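Remarks on the structure that follows.
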Amino acid sequence: MFNSLSDRLTATFKNLRGKGRLSEADVDATVREIRRALLDADVAVPVVREFTSKVRERALGSEVNEALNPAQQIVKIVNEELVTILGGETRRINLAKNPPTVIMLAGLQGAGKTTLAGKLSKWLKGQGHSPLLVAADLQRPNAVKQLQVNGERAGVPVFAPHPGVSSEFESATGDPVAVALAGLAEAKSKLHDVVIVDTAGRLGIDAELMKQASDIRAAINPDEVLFVIDAMIGQDAVATAQAFNEGVNFTGVVLTKLDGDARGGAALSVASITGKPVMFASTGEGLDDFELFHPDRMASRILD
Ligand code: GDP
């Protein structure tokens with residue numbers, strides 16, 4: 001783990017063998033290398049700044065550890081700090097004491113919400129739950145239909161405004177709050193123990209979208225609000241996460257498209273800026289390309 005960063009730092013430290021404690025200049029040279037690694041991984045600039053200053057402080061103050069050389073010592077600090085920001089332990093879904101557990105999905109259009117709804121429902125079903133998917137994304141023409149297709153593939157029922165005649169809702173005239181509430185009522189009457197509510201996204205943040213998401217949240221009082229974000233979004237992660245955090249006060253983050261080239265910097269940016277844990281990782285278009293998020297694995301992906 002961390003071989004790559006470790007190698008880079010070891011090169012920086014080549015002439016320092018035998019030194020028990022690093023000078024400030026040594027630490028600064030190392031921190032520059034760490035900054036470069038984080039920026040390469042697309043971690044947002046303000047997050048990099050805060051992170052490296054914390055690492056610098058700890059590295060300067062750290063006791064001499066006989067078992068580790070200076071490079072290893074700093075890599076250990078970086079590792080620990082990354083894992084802490086990413087949430088420490090793997091965070092599980094907060095299940096309601098009185099079912100159904102209500103999970104709301106929010107995020108920009110194209111982030112992967114509808115795909116995730118299918119994946120999450122299949123995963124929960126595999127764990128013995130009886131989920132219901134609710135199609136409250138009435139913005140995008142095809143969203144209801146796409147959720148129905150995903151539900152069918154997952155073997156999970158979908159509550160849509162009028163099943164089979166979703167065309168009526170392929171416009172902004174439907175009321176997503178009413179649909180979400182009706183879906184919740186349906187889940188209670190059919191004894192589903194988990195409800196997953198898919199909501200609309202836009203290509204960019206806008207006030208109307210955020211109000212809609214916030215109205216849905218207020219109406220259904222979810223146990224979890226998952227903010228779905230494309231790992232490839234790069235430096236835009238911060239503004240997007242801040243807007244959704246203010247708009248819907250999400251409880252956890254799902255990172256999608258981790259099968260792509262993204263190094264996972266978005267995870268660190270979002271977690272650091274909002275203080276919310278990353279809970280799941282989506283790693284492909286298939287329904288099974290989905291896993292619990294492990295902060296330690298992401299830390300090594302960022303630094304590799
Ligand atoms: P939504 O607008 O947020 O509901 O996004 P969608 O679920 O419709 O996903 C947008 C596109 O991204 C679709 O073509 C999905 O197949 C694709 N997609 C979603 N999740 C992933 C993922 O983890 N990896 C990859 N490679 N593609 C994904």
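All ligand and atom numbering here is 1-based and tracks the order in the structure. Just the heavy atoms: all of them, side chains too, but no hydrogens, waters or symmetry mates, feed the values below. Note that the coordinates shown come from a computational prediction; the quantities given were computed from them, not determined experimentally.
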Below 4.0 Å from any atom of ligand 1, is there a heavy atom belonging to G110? yes
Would one find an N or O of G284, backbone or side chain, under 3.5 Å from an N or O of ligand 1? yes
side-chain hydrogen bond (donor to acceptor under 3.5 Å, both in side chains) between K119 and S282, intermediate numbers included: CA-CA 9 Å; K119 293 175 179 193; S282 191; 2.5 Å; yes
Looking only at distances, please establish whether an N/O atom of ligand 1 is found under 3.5 Å from an N/O atom of T115. yes
Is Q109 close to ligand 1, meaning an N/O of one under 3.5 Å from an N/O of the other? no
Under 3.5 Å between some N or O of ligand 1 and some N or O of G112? yes
State the atoms of ligand 1, each with its element, that fall below the 4.0 Å cut-off from a heavy-atom position in K113. 1 (P), 3 (O), 4 (O), 5 (O), 7 (O)
Can you check side chain to side chain contact (heavy atoms under 4.5 Å, CB included) on D198 and I196, steps first, answer last? CA-CA 6 Å; D198 188 22; I196 300 167; 6.0 Å; no
If the cut-off is 4.0 Å to any non-hydrogen atom of K119, which atoms of ligand 1 fall inside it? 23 (O)
Atoms of ligand 1 under 4.0 Å from any heavy atom of L108, numbered from 1 in the order shown, are 3 (O)
Report, in ascending order of atom number, the atoms of ligand 1 lying under 4.0 Å from any heavy atom of Q146. 6 (P), 7 (O), 8 (O)
Please confirm whether F250 and F244 have ring centers closer than 6.0 angstrom. no
Tell me which part of T283 gets within contact of ligand 1: side chain, backbone, both or neither, using heavy atoms under 4.0 Å. backbone
Does K276 form a side-chain hydrogen bond (donor to acceptor under 3.5 Å, both in side chains) with N249? I'd like the steps, not just the answer. CA-CA 10 Å; K276 306 287 170 75; N249 187 20; 3.0 Å; yes
Within less than 4.0 angstrom of ligand 1, does G260 place any heavy atom? no
Any non-hydrogen atom of D289 lying under 4.0 Å from ligand 1? no
Side-chain donor/acceptor of T52 to backbone N/O of V31, under 3.5 Å: no
